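Reading through the structure tokens given below for one structure.
If you're wondering where the values come from, they're calculated on a predicted model, not measured in any experiment. So you know, we letter chains A, B, ... as the sequences are listed, proteins then strands, and number each from 1.
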Amino acid sequence: MNILSQSEAAGKALLRPAAMGKMRVFRLSAKTMRASQFHVATLKEAPADAEVVSHQLMIRAGMIRKLAGGIYSYMPMGLRVIRKIEAIIREEMNRAGAVELLMPVVQPAELWQETGRWDKMGPEMMRVKDRHDRDFIIQPTSEEVITDIARNEIQSYRQLPKNFYHIQTKFRDERRPRFGVMRGREFTMKDAYSFDRDEAAAERSYQAMYQAYVRTFERMGLSFRAVRADTGNIGGSLSHEFQVIADTGEDQLVYCPDSDYAANIELAEALPLSVAVPAPAEALRKLPTPDTVRCEDVAKLLGLPIERTVKSVVLAVDTPLGAEIWLLLVRGDHEVNEIKVGKVPGLDAGFRFASEQEIVDHFGCVPGYLGPLNTKKPVKVVADRTVAHMADFVSGANEAGFHIAGISWGRDLPEPEIVADIRNVVAGDPSPDGKGKLAIQRGIEVGHVFFLGTKYSEAMNATYLDETGKPKLMVMGCYGIGVTRLVGAAIEQGHDAKGIIFPAAIAPFQVVIVPMNYAKSETVRQAAGELLEELLKVGIDAILDDRDERAGSMFADWELIGVPHRVVVGERGLKEGKLEYKGRADAEASMIDIAEMPAFLKRELLG
RNA sequence: CGGGGUGUGGCGCAGCCCGGUAGCGCGCUUGCUUUGGGAGCAAGAUGUCGAGAGUUCGAAUCCCUCCACCCCGACCA
């Protein structure tokens, strides 16, 4: 038998049962909607290496199992959540006019060499060789491949705009994978890429994706915020992150309660806190501050507010002529923002923290007592805007165990060469749009939209012919959603002492039927079975717990898993024609007529 | 990549300092009882003690090398 006829025969065999009618298919699926057939694998204790709640709960609920650092198997319970998230994303992407395709996980090095990212990407990008010793990568993202597709497929302006997306496995060899699914090495991402004839059209594509993301996350029942973001390595000019609000988030979101300003702290501009520089009022004086290194402690020791101190951070820029040393000055209670520092002219080509040796060479003093006054060798000084507007401030004396107070610009040292915004904003700072004060909350980045421009189309010569027959570069955008990270984010946002509280839209099951005395009571068994069929029939995603476990352990399992609606079938209630209903977040259960239950649940799921 | 820590049954841990042939809880199996909030009793099964090399009559325990994992160190969906 040749291969063709073999697969033909197999195809027929597979087709036949389905062709026999819907009942068979229906029963088959109803069967897996029973807990004894499905895989319920809860754990009382979480593995010791699970740090954050979402990680602990996902493992305890049997949704993921670790295979290696940052690499997880998605177990049946977890996969259902992922599939539901993917379904919502697909619907909203399609609605927004994007077209799904699927690009390979393994990609040839040549494409990445074409854009220069083969060299630019660090060890985070996984590189592999095939048997012919040719270089490949495991995709961390797909700009190169999609641009290659676009330049081959799109010749005319008539084919634009176009937006391709796929939902695919990504691999990033994170320096430090952690938090389970929130920062894994292997993960699933939806990435979309738009191609337009010019900037104006590309901006419309960007807006369409932005709106699609808003709809997507709203449908998932998440509380989130879209914030302006830094464009980072991917490049481009316009960018927003979609952040799920959670105290455990890694990102800090800056927003203005009185306006619609919102930005990642990496980007949020810190306005000068005062316009005028106060006149010097104090005399310069050197004060002993033994073993007092942190600004907070110096202020306390000297009996001054911390706002009068200035913190020194020393950077080095490697040049062909050797390392150039820079001194950054921020107010004692402020933090240096490295993204902003990286935009300062002279530091924008890359910088690092200076070594202790370099510091001693230039300041004649060990870190802890550094300052702009009396440096051993000249250094380039960058003052934060706030610092530039200070007078009578305190900084290190460049002598171990001493600080200098009463320093004022112009009088004691020259005005700083460079004044720039190099600090993180803090709550209470004025909003950059002038409409109030800033507030800060934490978030988990689950989506990111970028306006790319022609960065990739230029590098890879992706052009189309316009109406006049002239070749023009396609203008691109790219748009990502972290599918697997969304599961973690949803759990960080929705959980209590008992376990996960999933929004119904992405819960592994919408309703769980928990029968009492399943094995012994024929009436319960029948009522529970009928209810399951009823619910499945009206399109409710329900599961029947037919494991005949003790009530307490079934309740505990489903509360841990986070199924939003629970129906208890017991002889007591059945005698009165009623079933017990309880929402996952409800304090009390209520009794509902049996006949009413499907309609009742439908309403609950819609509401 | 640097600093710190941990590897003992499916999960959580004790034992290691002071070498003497592996133990507890959960889970699992069987039986009886129990049955609306993670049951009780009884009987069981499950370990290359992360890997390799060494010291020793004898190594989970001491020495060396390696590996994996976790935490802390701000290039990301």
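Residue A:Glu335 has its side chain nearest to B:A74 when only B:A74, B:C76, B:G36 are considered. Among B:U35, B:C26, B:C70, the nucleotide with an atom closest to any side-chain atom of A:Arg550 is B:U35. With B:C72, B:G37, B:C69 as the choices, the nucleotide that has an atom nearest any side-chain atom of A:Ala68 turns out to be B:C69. For A:Met189, counting side-chain heavy atoms from C-beta on, the closest listed nucleotide (B:A77, B:C11, B:C26) is B:A77. Of the candidate nucleotides B:G36, B:G37, B:C76, B:G36 has the atom nearest to the side chain of A:Glu580.
Between the side chain of A:Arg566 and the base of B:G37 there is at least one donor-acceptor pair of N/O atoms closer than 3.5 Å. Under 3.5 Å, the side chain of A:Arg183 and the base of B:C76 form at least one donor-acceptor pair of N or O atoms. Between the side chain of A:Glu45 and the base of B:G25, a donor-acceptor pair under 3.5 Å is found. One can find a donor-acceptor pair under 3.5 Å joining the base of B:G37 and the side-chain atoms of A:Glu559.
The ring of A:Phe242 has its center no closer than 6.0 angstrom to the ring center of A:His240. Aromatic ring centroids of A:His448 and A:Tyr479 lie 6.0 Å or more apart.
A:Tyr255 carries A:Arg225 over the face of its six-membered ring, with the cationic atom under 6.0 Å from the centre and within 45° of the normal.
Dashed line: the shortest gap from a side-chain N or O of A:Arg572 to OP1 or OP2 of B:G36 is not under 4.0 Å. Neither OP1 nor OP2 of B:C70 sits under 4.0 Å from any side-chain N or O of A:Arg178. Within the structure, every side-chain polar atom (N or O) of A:Lys66 is placed at least 4.0 Å from both OP1 and OP2 of B:C69.
A:Arg584 places a side-chain heavy atom less than 4.5 Å from the side chain of A:Glu559.
Straight-line distance between the C1' atoms of B:G73 and B:C63: roughly 31 Å, to the nearest whole Å.
Comparing A:Gly184 and A:Asn517 against RNA chain B, the residue whose closest nucleotide sits nearer the 5' end is A:Asn517. Position along RNA chain B of the nearest nucleotide to A:Thr42 versus A:Glu338 favours A:Thr42 as the more 5'-ward residue.
Aromatic stacking is not marked for A:Phe555 over B:G38, as the cut-offs of 5.5 Å for the centres and 30° for the planes do not both hold.
No salt bridge links A:Arg228 with A:Glu241; every basic N to acidic carboxylate O contact stays at or beyond 4.0 Å.
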